[in-house]
Novice: 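My questions all concern the structure below.
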Amino acid sequence: QVQLVESGGGLVQAGGSLRLSCAKSGRTFTTYAMGWFRQAPGKERQFVAAISWNGDSTYYGDSMKNRFTISRDNAKNTMSLQMNSLKPEDTAVYYCATYGATLPFALPALGRRDNYDYWGQGTQVTISS
């Protein structure tokens, strides 16, 4: 069994920064590629970013490029999402998830919610204008 716990959400003004963390317990952390998704009220869950099992490869959703940075520390079983230049439209619940072990690490597969097996409970990010 895999457990994921997100932290680091909060309320910040537009233009500010937040760093989200995802702590994993259970099966070996290095087995999985990982990803972040977000979901705003009344909207579909949206792909944010993904990182390969060893951290060498990353992908981002279009609106997150050049503002967000995904990283991981396999020694600590954690993954992070550094979010800069935040906008009100970034307001959402942010989730971390493990990516299917047998799936290709490439878009569009990485952007599909159904390709992720284990999910955290989410952390709320609110950006005020």
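Residue numbers start at 1 and run along the sequence shown.
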Novice: Let me check something: do Y60 and Y99 share a hydrophobic cluster, defined by ILVMFWY side-chain heavy atoms less than 4.5 Å apart, either directly or through other members?
Specialist: no
Novice: Hey, what do you get for CG (L18) to CG (N84), rounding to the nearest 0.5 Å?
Specialist: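 Result: 9.5 Å between the selected atoms.
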Novice: Atom CD of residue position Q121 - does it have more than 12 heavy atoms of other residues, nucleotides or ligands inside 6.0 Å?
Specialist: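 No, CD of Q121 has 12 or fewer neighbouring heavy atoms, counting only those of other groups under 6.0 Å.
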Novice: Step by step, would you call R19 with S7 a side-chain contact (heavy atoms from CB on, under 4.5 Å)?
Specialist: CA-CA 9 Å; R19 186 176 182 87; S7 61; over 6 Å; no
Novice: If you group Ile, Leu, Val, Met, Phe, Trp and Tyr by side-chain heavy-atom gaps below 4.5 Å, do V2 and W36 land in one group?
Specialist: yes
Novice: Counting N and O atoms only, with roles assigned by atom type, does the side chain of T126 sit under 3.5 Å from a partner on the main chain of L11, one being a donor and the other an acceptor?
Specialist: no
Novice: Would you say D73 and M79 make side-chain contact, with heavy atoms under 4.5 Å?
Specialist: no
Novice: Report the distance from atom OG of S129 to atom CD of E89, rounding to the nearest 0.5 Å.
Specialist: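 The distance works out to 10.0 Å.
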Novice: Search all heavy atoms of P104 against all heavy atoms of A109 and return the closest pair with its distance.
Specialist: O-CB, 4.1 Å
Novice: Any side-chain donor-acceptor pair under 3.5 Å between N115 and R113?
Specialist: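 Per modelled atom types, N115 and R113 side chains form no pair under 3.5 Å.
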Novice: How long is the straight-line distance from CG of L86 back to CD1 of I127, given to the nearest 0.5 Å?
Specialist: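 I127 atom CD1 to L86 atom CG measures 4.0 Å (nearest 0.5 Å).
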Novice: Centres of the Y59 and F105 rings: under 6.0 Å?
Specialist: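 Ring-ring flag for Y59/F105: true, centres closer than 6.0 Å.
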Novice: Are any of the side-chain heavy atoms of E6 and Y95 separated by less than 4.5 Å?
Specialist: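 E6 reaches Y95 side chain to side chain.
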Novice: Taking the ring centre of each residue, are F37 and Y116 less than 6.0 Å apart?
Specialist: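 Under 6.0 Å, so yes.
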Novice: With a 4.5 Å cut-off on side-chain heavy atoms, are L81 and T69 touching?
Specialist: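 Result no, sub-4.5 Å side-chain heavy-atom pair not found.
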Novice: Report whether L110 and L103 are members of the same hydrophobic cluster (ILVMFWY, side-chain heavy atoms less than 4.5 Å apart, transitive linking).
Specialist: yes
Novice: Is there a side-chain contact (heavy atoms from CB on, under 4.5 Å) between F47 and R112 once you walk through the steps?
Specialist: CA-CA 7 Å; F47 172 71; R112 296 177 178 151; over 6 Å; no
Novice: When you look at V93 and R45, which way does the side-chain contact (heavy atoms from CB on, under 4.5 Å) test go after all the steps?
Specialist: CA-CA 9 Å; V93 178; R45 195 165 291 192; over 6 Å; no
Novice: Would you verify whether the NZ or CZ of R72 falls within 45 degrees of the ring axis of W53 while also being under 6.0 Å from that six-membered ring's centre?
Specialist: no
Novice: Treating Ile, Leu, Val, Met, Phe, Trp and Tyr as nodes and any side-chain heavy-atom pair under 4.5 angstrom as an edge, say whether I51 and Y118 lie in one connected cluster.
Specialist: yes
Novice: Contact between L4 and M34 at the side-chain level, heavy atoms closer than 4.5 Å - yes or no?
Specialist: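 With C-beta onward as the side chain, the pair touches.
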Novice: Compare all side-chain heavy atoms of S63 with those of Q46 and state whether any distance is below 4.5 angstrom.
Specialist: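 They are in contact (side-chain heavy atoms under 4.5 Å apart), so the answer is yes.
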Novice: Pick out which of M83, R67, Q82 makes a side-chain contact (heavy atoms from CB on, under 4.5 Å) with S17.
Specialist: Q82
Novice: Does any non-hydrogen side-chain atom of V125 lie less than 4.5 Å from one of L20?
Specialist: yes
Novice: side-chain hydrogen bond (donor to acceptor under 3.5 Å, both in side chains) for S128 and Q13? Distances and angles first, verdict last.
Specialist: CA-CA 5 Å; S128 63; Q13 290 187 331; 4.9 Å; no
Novice: Over all heavy atoms of both residues, which pair between S52 and D56 is shortest? Give the atoms and the distance, please.
Specialist: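 Heavy atoms only, the tightest pair is OG-N, 3.1 Å.
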Novice: For the residue pair Y94 and F68, categorise the inter-ring angle as parallel (less than 30°), tilted (30 to 60°) or perpendicular (more than 60°).
Specialist: tilted
Novice: Should R38 and M64 be marked as a side-chain contact (heavy atoms from CB on, under 4.5 Å) after you check the CA-CA gap, both sets of side-chain angles, and the distance that decides it?
Specialist: CA-CA 11 Å; R38 68 185 185 186; M64 298 81 176; 3.4 Å; yes
